[in-house]
Protein chains: 2
Amino acid sequence: MIVEADPTAHAPVSERIYLALRQEIMRCEIVPGTTLDAASIASTYEVSKTPVRDAMQRLAADGLVTILPRSGYRVAPITFQAVHDILDMRAAIGPHAARQAARYATPAEIALLRQIVREYAAPMDIGTMQQVARRFHLAIARCSRNKRVVALSETLFDELERLLRFAIDFTVKAGEHSDEHTALVDAIAAGDGERAAAIEFAHIKHSREFLIERLMTLGYLSASEIQLGGTTRSPAE
Amino acid sequence: MIVEADPTAHAPVSERIYLALRQEIMRCEIVPGTTLDAASIASTYEVSKTPVRDAMQRLAADGLVTILPRSGYRVAPITFQAVHDILDMRAAIGPHAARQAARYATPAEIALLRQIVREYAAPMDIGTMQQVARRFHLAIARCSRNKRVVALSETLFDELERLLRFAIDFTVKAGEHSDEHTALVDAIAAGDGERAAAIEFAHIKHSREFLIERLMTLGYLSASEIQLGGTTRSPAE
DNA sequence: ATTTTGCAACTGATGCATCACATAGAGAAA
DNA sequence: TTTCTCTATGTGATGCATCAGTTGCAAAAT
């Protein structure tokens, strides 16, 4: 029997479609609010509609697309409500993760955190800084010993990255958050959960205000409930 | 083919299957750790395997079933890790929701909360008390003005209810938490977010300790990572 | 006569069913 | 114990029915 060494043998096709679509949506290569065509996606990736359907179910569970029954799949538009919800959810999860990390973190994990913090010293663009920040906060989440917190943090960071890509061109120079992060790791290392939670809360509050202000100055957010990338906004092509 | 006047005609079949399976899993009518047979489920509900697959994808996204590729669907076993994660997640979300509720709650919403608290006065079994508590905390979550918090709280309550059904026979007499709830509503009404968050945190901590102790005394949880309803435990038939 | 409104038919896509295949896991045999 | 086979089950492909959105025509009102 001929068994070829297929690297994708253990990965279902639906997984491939899911990851591909997820990446496209995350990077805003698909304009928020666009209605997707399952058949064309299937033909593009040279698969049938079935794995596309599975991928859509998963994307809908992630909140990245909304399924309109018998009508179509629509990538989630960026609304003021969504921005508020994501940042507010981070404000709930982040401090709690920091607090738990102060309880459970091992010396090895603390060392990892310090190593990530040191990476902030090097100059970098905001894109890689976002990646470093992601790794930093996810490392803290892992210290919380709660898999759900880790998973939720991952999706929140993904969606936050999507917001940033949509709203901000990556030429903005990176701010200096290294001090905040050092203080946070110190609090975790000292086992001071309340201080760690407070620092994380303030950190998220700062980034929240930064992002909101940035969005408003760019004109993407006006008074209250302006919908971004929805039907009221045509693709800027 | 005879097409009868189906009242659920406008609801997708996969939705029906999803809700049915979800309810069965929640009520522990399906023993945790059981491997599901998609074909038999399809024949039971007189549908094909396709909507069953969609339902499985959604249930997997909810964390209620784990998909073993090319092998089977397994309803999530109840592990110590799962219990910890759910209760810890509640400890993260609940106080935050209470804090935000103190900021945003309208007089009408506070009146609703007080009405729900009054329902605690009547004697009730632990099952209906759980339902009242669910409505109470979800009402607070809705005051937070964060749809994600509401959705997450719903799933957490669902899974918590599943744990309770699994571990506790419902003859346990209801505790008296009415005073705690009254104090919580008062704090929200007064706009004291920190006090509301502290009360909610303590409340969740109490219920967490109660549930953990209950599980351990019943022998479901031993030292640390005993898996409930998994492969190590055969269905009690 | 023109415009507007309402209905009906058409088109296109989604969702479900059926079929085909590959794989994992169990069981038997060596 | 190891390996091979067989069965059962998930996974992907395809065809078809159903439904939503649209367009065009007709009729009525101005």
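Lettering of chains follows the sequences in order, A, B, ..., and the numbering in each one begins at 1. Bear in mind the structure is a predicted one, so any value in this text is a computation, not a measurement.
Between the C1' atom of C:dA13 and the CZ atom of A:R74 lies a distance of 14 Å, rounded to the nearest Å. Following rounding to the nearest Å, A:I41 (CD1) and C:dG12 (C1') show an atom-to-atom distance of 16 Å.
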>> Each nucleotide in nucleotides 6-13 of chain D should get exactly one letter: B, S or -. Can you fill that in based on protein heavy atoms under 4.0 Å?
In response: ---SBBBB

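Salt-bridge annotation for B:R148 and A:E159: present, with a side-chain N of the basic residue lying under 4.0 Å from a carboxylate O of the acidic one. Salt-bridge check for B:R99 with B:E200: failed, with every basic side-chain N at 4.0 Å or more from each acidic carboxylate O. Residues A:E15 and A:R22 are not paired through a salt bridge, judged by the lack of any N-O separation under 4.0 Å between the basic side chain and the carboxylate.
A cation-pi arrangement, defined by a distance under 6.0 Å to the six-membered ring centre and an angle within 45 degrees of its axis, is present between B:R90 and B:F157.
The aromatic rings of B:H137 and B:H203 sit parallel, their planes meeting at an angle under 30°, below the 60° perpendicular limit.
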